[in-house]
Amino acid sequence: MKKIFRYDEAILEGFKYLLSNYSDLFIIGQGLWSPWYVGNSMKDLDKLYGKERIIDTPVSEASCTGLAVGAGLVGMKSIIVHPRMDFMLYAVDPIVNQASKWSHMFGGENSSNVTIRAIINRGGEQGAQHSQSLHSWFAHIPGLRVVMPSTVCDARDLLIASALSEDPVLYIDDRWLYSQEDYLPEVKNIELVNQKPKIIENGSDLTIVASSYSTLLAKNAIYSLKKEGINCELIDLRVINPLDLDLVINSVNKTKSLLVIDGGWSSCGLSAEIIANVVENIDVTVLRYPPSRITLPFAPAPTSSFLEKEYYPNLKDIIDRVRCMHVK
Amino acid sequence: MNKLNELFNPNFYNKPIKIDNFNKEDLVNFFKLMTKIRLIEFHLADERKKGTIGGPVHLGIGQEAIAMGLSANLESSDYVFGAHRSHAHLLALGSSVKGLFAEILGKETGLSKGMGGSMHLSDRSVGFVGSVPIVAGTVPLAVGAGFAAKIAQKGNLSVSYLGDGATEEGVVQESLNLASLYKIPVIFMIENNLLSSHMHLSERQTSFDCSRFAKTNSIPYRMIDGNDIIEVYKASSCAVKNARNGGGPFLIEAITYRWLGHVDWREDVDVGLSRSIKELKMWKKRDPIERLENSLIKSGLWDKKSTDNLIKSIKDEIQILWDEALNDPYPEKSQTLKRVFCKK
C-alpha cells in the first residue's frame with residue numbers, strides 16, 4: 001500500500017536517498033542535531049548516517065557556507081542548511097560573490113555543486129527578522145539556481161536534483177508547507193536543468209502564477225472559485241532562476257489575463273519580473289484586464305498575530321481579486 | 001627591541017640568509033623562479049602603464065619568497081586559494097606563464113578562458129583552485145576544500161593565502177574556529193606586508209601581530225621573516241607535515257613588504273598614510289631575492305654573471321610568451337552567456 005508523506009517528511013526522504021546513494025555528500029548547518037531547528041525534515045539523520053556527515057555547527061553562517069562552497073569546488077556534494085533565511089544574510093558573500101560567480105569567472109570549467117537550503121520561517125509572532133522570503137534577491141543573481149518547491153513530491157525530488165546539480169543551488173522551503181500531504185512515487189533521477197514551471201490546475205478564465213506557499217494558497221482559492229464557475233489556470237514556477245516563462249506566456253495568451261501571487265515584496269521582486277516578462281512577450285491588446293499581483297505590503301513583517309493576519313496574503317484576498325478581474 | 005618588533009623593522013633581517021644546511025640545487029632553482037616571477041610582474045607593471053593591460057593588476061614584487069617557500073612543499077593534489085595579489089601564488093606552483101599572460105589580456109587561451117583577468121586565476125592542473133578579489137572571500141572556501149581533503153583521506157591539504165587586511169574580516173575568525181574545531185588540514189598563510197590598500201597596519205589594528213588570532217583559536221603558528229626563503233620553507237614544511245599527519249590547521253604569518261602600491265605600477269608613496277620613500281628604500285634592502293643571491297654567491301654556487309644571463313633569458317622568454325598571448329583570440333562573445341553555469 002502506498003504511504004502518505006508530509007512535505008517535511010518528503011524532504012527527509014530526499015536527504016535519506018542522497019545520503020544512502022552518494023558517499024561524497026555531507027550536510028552542514030546549525031541545529032542539525034536538534035529537531036528544534038528544522039522539524040521533522042532532518043530527523044535522526046545524524047543517528048542514521050553519523051555526525052561526520054551530518055554536522056551541527058558553531059554559529060558561523062558565513063564560514064560554514066563558505067566551507068560548503070569550498071568543498072563543493074573540489075568535488076564533494078555539500079549541503080548547507082540555514083534554518084532561518086534571515087540569518088543566511090551573513091553568508092551572502094560565499095553565495096553571491098563566490099559560488100554564483102565561480103563558473104563564469106573561470107571560464108565555465110568548474111563550479112561548486114553546493115546546495116544551500118534556506119528555510120522561510122514566518123508567522124508565530126516572530127517578527128521582522130525571522131520571516132523573510134528573500135527569494136527575489138537571489139533569483140536576481142546569474143549563476144545561482146533557485147528552486148522553490150510547493151508540492152510534497154517536488155520537496156523531495158527538487159532537493160535531490162539540487163544536490164546532484166553541478167551548479168550552486170538555493171533550495172528554499174517554507175515551513176507553512178510542511179503539513180501538506182501526498183503520495184510519493186519512487187525516486188526518479190531528474191536533472192535540475194530540465195525542471196521548469198508546471199500547470200497545477202487547468203483553466204481558461206484566468207492565469208495565476210505562484211511559487212512555494214503562494215501556490216498552495218492559490219490552489220485553495222481556485223477550488224472555491226470553481227464552485228462559482230470561475231476556472232483559473234494555476235502555474236507553479238518551481239524554479240525561479242533561471243526563469244522559463246514559456247508556459248506562462250502561452251497560458252496568458254489563452255486566458256487573456258494574469259494574476260501573480262508572491263510571498264515576497266512587490267518592489268523589484270519576482271512578481272514584477274513575471275509581469276514584465278509576460279507583457280514584453282505577448283500582444284498586450286489580448287489582455288482583458290491589466291496584469292495584477294498580490295504580494296506582501298511593502299513593510300517588514302509585524303510581530304503581533306493581530307497585525308500578522310493583515311500582513312500576509314490570504315485566501316480571501318485571492319478570491320476577491322479574481323472575482324474582480326473575472327467580472328471585468 | 002623584542003623579536004616581534006624586529007620583524008617589522010626593515011633595519012633588521014637584511015643580511016644574506018643562512019643556507020648552510022639546505023639543498024643547494026633547490027636554492028638555485030628557488031632563486032631562478034623567484035627572479036622569473038619578479039620579472040614577470042615588472043613586465044605586467046610596464047604593460048599596465050602602457051595601457052596594453054586594461055584591468056587592474058595587483059603586484060606582489062618584494063614578496064616572492066613566501067609563495068616560493070610554501071609551494072615547494074606542496075603537491076598538485078593540494079588545493080590552493082589566493083586573493084587579489086596572487087600571480088606569485090600561481091606561478092610558484094609551476095603554472096603556465098603564457099596562460100597567465102593570456103588571461104590578463106582576456107584571451108580565450110588564458111587560464112580562466114579569458115573570463116577572469118588578473119584577479120580571477122585558476123589552474124587546477126597545479127592545484128590552484130582559484131583567486132578572487134573579495135577580501136577574505138576564499139578563506140572559508142579553503143577551509144571547505146581542506147574539509148573535503150580530510151573526508152577523502154588522501155593526505156592532501158588546502159592553503160589559504162590571505163593578507164593582514166583580510167584578518168580584519170569577521171569571516172576569518174569564524175574560519176579559524178571551524179578549522180581548529182574540525183581539525184581541518186588547511187594552512188593559513190598570512191602575508192603581512194603592513195599595508196592594506198593605502199592604509200598601514202598601525203592605522204587598522206591595535207597590534208602588528210596577526211598571528212594572535214591563531215593563538216585565540218588554538219591553532220599552532222609561526223611568525224617568520226617572509227623575505228627569507230629558508231624560513232618560509234621550514235615553517236611551511238612544518239605546517240604541511242602537521243596537516244598531512246592529521247594535525248589539522250596551521251597558521252604562518254610571514255612579515256614582508258610590497259614594493260609597489262596597492263594596484264598597478266605606482267609606488268603609492270603619495271596616497272599611503274604611512275608609507276614613505278625612505279621606508280620603501282629600507283625595505284628594499286630586505287629584498288628576498290637579493291639576499292638569497294648574495295648567500296648563493298658567498299657559497300660559490302652562483303655568480304653575478306649568471307644572474308645577468310638568467311635575467312636576459314627570462315626577459316626573452318617573457319617577450320616571446322607575451323607576444324604570443326597578444327596574438328591569441330578573444331573568447332567568442334556568446335561565451336558571456338554560456339559560462340554562467342558549469343558546462344558539465
Side-chain angles (χ1 to χ4, degrees), chain A residues 23-26 28 51-53 55 57-78 80 90-94 96-114 141-145 165-169 192-193 241-242, chain B residues 79 81 103 108 110-117 119-124 129-134 136-152 156 158 160 169-179 181-182 184 186 331 335-344:
Chain A
S23 58
D24 57 348
L25 183 138
F26 72 96
I28 190 165
K51 284 183 155 53
E52 295 77 25
R53 294 181 74 195
I55 306 156
T57 72
V59 276
S60 304
E61 287 81 2
S63 63
C64 290
T65 307
L67 183 154
V69 172
L73 282 176
V74 299
M76 290 199 82
K77 293 179 181 64
S78 53
I80 168 83
Y90 274 122
V92 168
D93 178 71
V96 175
N97 278 327
Q98 314 305 339
S100 305
K101 305 295 194 297
W102 208 269
S103 168
H104 200 257
M105 286 190 300
F106 300 116
E109 290 298 301
N110 67 79
S111 187
S112 177
N113 56 4
V114 63
I141 306 299
L144 180 66
R145 298 186 185 277
S165 165
E166 296 282 350
D167 297 308
V169 183
L192 189 59
V193 185
N241 194 30
Chain B
Y79 306 124
F81 290 81
E103 189 50 48
E108 175 72 28
L111 290 170
S112 307
K113 299 262 165 79
M115 302 300 287
M119 297 195 292
H120 310 105
L121 301 166
S122 176
D123 183 355
R124 298 295 284 263
V129 186
S131 59
V132 303
I134 296 289
T138 53
V139 176
L141 272 51
V143 172
F147 179 82
K150 186 185 168 172
I151 304 265
N156 53 343
S158 74
S160 171
E169 299 282 4
V171 73
V172 171
Q173 310 311 323
E174 290 185 15
S175 299
L176 292 173
N177 181 48
L178 283 192
L181 181 68
Y182 299 144
I184 292 174
V186 52
Q335 296 302 324
T336 299
L337 288 174
K338 284 186 183 158
R339 286 163 173 164
V340 175
F341 292 108
C342 192
K343 73 170 188 184
K344 280 181 277 184

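So you know, we letter chains A, B, ... as the sequences are listed, proteins then strands, and number each from 1.
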J.: On a heavy-atom basis, which atom in B/Gly137 and which in A/Asp93 lie closest, and how many Å separate them?
T.: CA-OD2, 3.7 Å
J.: Under a 4.5 Å cutoff for heavy-atom pairs, which residue among A/Phe106, A/Tyr90, A/Trp102 has the most contacts with chain B?
T.: A/Phe106
J.: Can you tell which part of B/Ser131 gets under 4.5 Å to a heavy atom of chain A, answering side chain, backbone, both or neither?
T.: backbone
J.: Nearest 0.5 Å, what's the OH-CG distance between B/Tyr79 and A/Leu73?
T.: 10.5 Å
J.: Pick one of side chain, backbone, both or neither for B/Ala142, based on which atoms fall under 4.5 Å of a heavy atom in chain A.
T.: neither
J.: Output the option from A/Val74, A/Thr65, A/Asp24 having the highest count of non-hydrogen pairs under 4.5 Å with chain B.
T.: A/Val74
J.: Please confirm whether the backbone N or O of A/Ser63 pairs with a side-chain atom of B/Glu174, one donor and one acceptor, at under 3.5 Å?
T.: yes
J.: Suppose we screen for salt bridge (charged side-chain N to carboxylate O under 4.0 Å, His left out). Which residues come up paired with B/Lys338, at least two apart in sequence or across chains?
T.: none
J.: Considering all heavy atoms of both residues, which atom of B/Val171 and which atom of A/Ala62 are nearest to each other, and what is their separation?
T.: CG2-CB, 3.7 Å
J.: Can you tell me which portion of B/Thr336 sits under 4.5 Å from chain A's heavy atoms? Options are side chain, backbone, both or neither.
T.: both
J.: Under 4.5 Å heavy-atom distance to chain A, tell me which part of B/Leu121 shows up: side chain, backbone, both or neither.
T.: backbone
J.: Are the side chains of A/Pro58 and B/Leu178 in contact, using a 4.5 Å heavy-atom criterion?
T.: yes
J.: State the NE2-NZ distance between A/His104 and B/Lys113, to the nearest 0.5 angstrom.
T.: 13.0 Å
J.: At a heavy-atom distance under 4.5 Å, which candidate from B/Ile134, B/Ile184, B/Thr138 has the highest pair count against chain A?
T.: B/Ile134
J.: Is the shortest side-chain heavy-atom distance between A/Glu109 and B/Leu111 below 4.5 Å?
T.: no
J.: List in chain and number order the residues that pass salt bridge (charged side-chain N to carboxylate O under 4.0 Å, His left out) with B/Glu108, two or more places apart in sequence or in another chain; answer none if no residue qualifies.
T.: B/Arg339
J.: Please classify the contact between B/Val132 and chain A as side chain, backbone, both or neither, with a heavy-atom cut-off of under 4.5 Å.
T.: side chain
J.: Heavy-atom pairs under 4.5 Å with chain B: which of A/Val59, A/Asn113, A/Leu144, A/Ile28 has the most?
T.: A/Leu144
J.: Looking at side-chain heavy atoms only, is the closest gap between B/Phe341 and A/Ser165 below 4.5 Å?
T.: no
J.: Say you draw a straight line from CE of A/Met76 to CD1 of B/Ile151; how long is it, rounded to the nearest 0.5 Å?
T.: 4.5 Å
J.: What part of A/Arg145 lies closer than 4.5 angstrom to a heavy atom of chain B: side chain, backbone, both or neither?
T.: both
J.: For the pair A/Ile55 and B/Tyr182, evaluate side chain to side chain contact (heavy atoms under 4.5 Å, CB included) and give the outcome as yes or no after the intermediate values.
T.: CA-CA 10 Å; A/Ile55 306 156; B/Tyr182 299 144; 3.4 Å; yes
